[in-house]
Chemist: 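Dumping the structure here so I can ask a few things about it.
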Protein chains: 2
Amino acid sequence: MTEPVTFRDVKAAILLRITRGDWAPGTLLPGEVEIAQEFGCARATVNRAMGELVGDGIVERRRKAGTRVRLSPLRAARFEIPLVRREIEVHGGAYGYLLVSRAVGPAPDGLGTRALHLVCLHLSDGAPFQHEDRWISLDALPGAETVDFSARGPNEWLVETVPYSEAEISFSATLADDVLAAALHCAPGAALFRTDRTTWWEGRALTRVALVFRPGHRMTTRY
Amino acid sequence: MTEPVTFRDVKAAILLRITRGDWAPGTLLPGEVEIAQEFGCARATVNRAMGELVGDGIVERRRKAGTRVRLSPLRAARFEIPLVRREIEVHGGAYGYLLVSRAVGPAPDGLGTRALHLVCLHLSDGAPFQHEDRWISLDALPGAETVDFSARGPNEWLVETVPYSEAEISFSATLADDVLAAALHCAPGAALFRTDRTTWWEGRALTRVALVFRPGHRMTTRY
DNA sequence: CAGTGGTCTAGACCACCGG
DNA sequence: CGGTGGTCTAGACCACTGT
């Protein structure tokens, strides 16, 4: 018996030809049957390898047209969005939490009629790490009104309560106003990294949060 | 003939049970054979559906142990990193480019010995959109020294020359100093969104770039 | 219309790892 | 050890879409 050819073998071989320049951007690749013959494997194996190359943004495929090397490779970066507690603990810090304010009132746009407004602070080794300004829709999550958020952050409660939801997230830069500067122990006018996230479940907006990090924070990934 | 059950059907059905709470976080799911029987399909179909759920961070699988709903769902966001030109044109702007300065000198850390230092500006409808400060290793890419970057940005040349490379990217916030403020037509002290990227090919660092966007820039995605 | 990729099936073998 | 998922195969049908 000869070793079976795995889809990883095929993927690596194809990728090598592309990165080496044998198959330049725009090139039309041979069909699946032909490649399968060349490698001595089943067409399904080639199909899986190609599927991954599509996912990696290396090639494009269209029925009848065939498979082409993308003209310019699709650059996509994947960021994991950890819970603050985990993020701090992974970096070796001791996690701390502080509820700054809590109020119930009319909801801001898109969150229904009534909402809970929470402001909290997440600490690493006692020093401010992240400032959280959150609205929770009481129309969608009435239970939130009676939860005690003085010892544990709302994000942890939300993850338990509605673990699988849709979200939109955006990154931006913001200036430290007096409130943020006081909370994060930095100078007013500092540049801060900011994350905004809105979360839906079954089409209803549940919560909207603005997270502002202490100065110097970075989000990093490889691709 | 009855309709064939697709892997999408299976994935959607499983996902529904999880989001509905029938299968709470931590639950052990039935084995592939059992699910295949329930849905009246081949095991391979279930396997593919489960594979996607793993990729989406919904479940975890281990041989012998079986498939479990993740305790806390893995939150990951995927951002596409477009060429500036495309990013501007997609938003309906007319792309413009300006080479601000060009110099050859000793390379900064990690880029070898000699490097090309370029500063450029990318414009949308004539207004500054992004400031680019780039180093290109002349050890790794000697050809860059003779390229004319006065009419076209170095990113476009790089994409053609080394289309498939490894990169590390990070996002942060930065303050507008006098140079940035002048380039981006904003007030000194404004908060600006910044991207840093280092690119390797076959283990050698090729280029390092800092991209600073005009005030108010956001990076957004859904997940 | 015809050629390409997309998917399903039924069966098989195997690697891994929990009990 | 034995049960689970991981993968390969050979074959088939079909959807899409360029020519």
Side-chain angles (χ1 to χ4, degrees), chain A residues 1-18 22-71 73-74, chain B residues 1-18 22-71 73-74:
Chain A
M1 273 302 297
T2 81
E3 288 288 293
V5 174
T6 72
F7 74 93
R8 288 168 210 282
D9 296 335
V10 178
K11 181 183 177 183
I14 304 276
L15 194 53
L16 191 62
R17 291 183 196 177
I18 292 174
D22 304 349
W23 287 337
T27 304
L28 179 65
L29 271 56
E32 293 191 348
V33 279
E34 189 175 334
I35 295 181
Q37 285 166 2
E38 182 198 336
F39 286 91
C41 66
R43 182 168 78 94
T45 304
V46 177
N47 186 268
R48 176 150 182 198
M50 290 305 212
E52 294 215 349
L53 289 173
V54 171
D56 294 348
I58 309 291
V59 303
E60 286 173 317
R61 319 193 79 191
R62 280 195 335 266
R63 289 167 150 117
K64 168 74 180 182
T67 303
R68 286 182 182 283
V69 182
R70 288 186 66 105
L71 288 168
L74 179 66
Chain B
M1 274 303 296
T2 82
E3 287 289 293
V5 174
T6 72
F7 73 93
R8 289 167 210 281
D9 296 335
V10 178
K11 181 183 177 184
I14 305 276
L15 195 54
L16 191 62
R17 290 181 197 178
I18 292 174
D22 304 350
W23 286 336
T27 305
L28 179 65
L29 271 55
E32 293 191 348
V33 278
E34 190 175 335
I35 295 180
Q37 284 166 2
E38 181 199 336
F39 285 91
C41 66
R43 183 168 78 95
T45 304
V46 177
N47 186 269
R48 175 149 183 199
M50 290 304 212
E52 295 215 349
L53 290 174
V54 170
D56 294 348
I58 309 291
V59 303
E60 286 174 317
R61 321 192 78 192
R62 277 189 342 261
R63 288 167 153 119
K64 169 73 180 183
T67 303
R68 286 183 181 281
V69 182
R70 288 187 66 106
L71 286 168
L74 180 66

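The sequence lines fix the lettering, A, B, ..., with proteins before strands; numbering per chain opens at 1. Values in this document were obtained by computation on a predicted structure and should not be read as measured data.
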Chemist: Minimum heavy-atom separation for B:Val10 and B:Cys41, please, with both atom names.
Modeler: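 So the minimum-distance heavy-atom pair works out to CG2-SG, 4.3 Å.
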Chemist: Let's test your reading of the pairing rules: Watson-Crick or G-U wobble, both distances under 3.5 Å, then write DNA chain C as a dot-bracket string with ( ), [ ], | and dots.
Modeler: ||||||||||||||||||.
Chemist: Would you say that A:Ile14 contacts A:Ile35 through its side chain, given a criterion of any heavy-atom pair below 4.5 Å between the two side chains?
Modeler: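 Contact flag for A:Ile14/A:Ile35 side chains = yes.
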Chemist: In whole Å, I'd like the distance from the NZ atom of A:Lys64 to the P atom of C:dT4.
Modeler: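 Rounded to whole Å, this separation is 7 Å.
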Chemist: Find the distance B:Ile14:CD1 to D:dG5:P and express it as a whole number of Å.
Modeler: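 My rounded result for the distance is 11 Å.
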Chemist: Measuring from A:Thr45:OG1 to A:Glu32:CD, what's the distance to the nearest 0.5 Å?
Modeler: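 Reported to 0.5 Å precision, the distance equals 10.0 Å.
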Chemist: Please check if the number of heavy atoms outside A:Arg62 that lie under 6.0 Å from its CZ is greater than 12.
Modeler: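 Counting neighbours around CZ of A:Arg62, 12 or fewer heavy atoms of other residues, nucleotides or ligands fall under 6.0 Å, so no.
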Chemist: Atom CZ of A:Arg68 to atom C1' of D:dG18: distance rounded to whole Å?
Modeler: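 Going from CZ in A:Arg68 over to C1' in D:dG18 covers 11 Å.
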Chemist: Starting at the 5' end of nucleotides 6-12 of chain C, put B wherever the base has a protein heavy atom under 4.0 Å, S where only the sugar-phosphate does, and a dash everywhere else.
Modeler: BBSB--B
Chemist: Looking at side-chain heavy atoms only, is the closest gap between B:Trp23 and B:Leu29 below 4.5 Å?
Modeler: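 They are in contact (side-chain heavy atoms under 4.5 Å apart), so the answer is yes.
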Chemist: Under 3.5 Å, is there a donor-acceptor pair between the side chain of B:Arg68 and the main chain of B:Gly26?
Modeler: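 At least one qualifying donor-acceptor pair exists.
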Chemist: Nearest whole angstrom, please: distance from the P of D:dT19 to the CG of A:Leu28.
Modeler: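 Going from CG in A:Leu28 over to P in D:dT19 covers 10 Å.
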Chemist: Going by the rule side chain to side chain contact (heavy atoms under 4.5 Å, CB included), which residues pair with A:Val54 if we only count those two or more places apart in sequence or in a different chain?
Modeler: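 Checked A:Val54 against side chain to side chain contact (heavy atoms under 4.5 Å, CB included); matches are A:Val59, A:Arg61.
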Chemist: Please report the shortest heavy-atom distance between A:Ala49 and A:Lys11, naming the atom on each side.
Modeler: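 Reported closest heavy-atom pair: CB-N, 3.7 Å.
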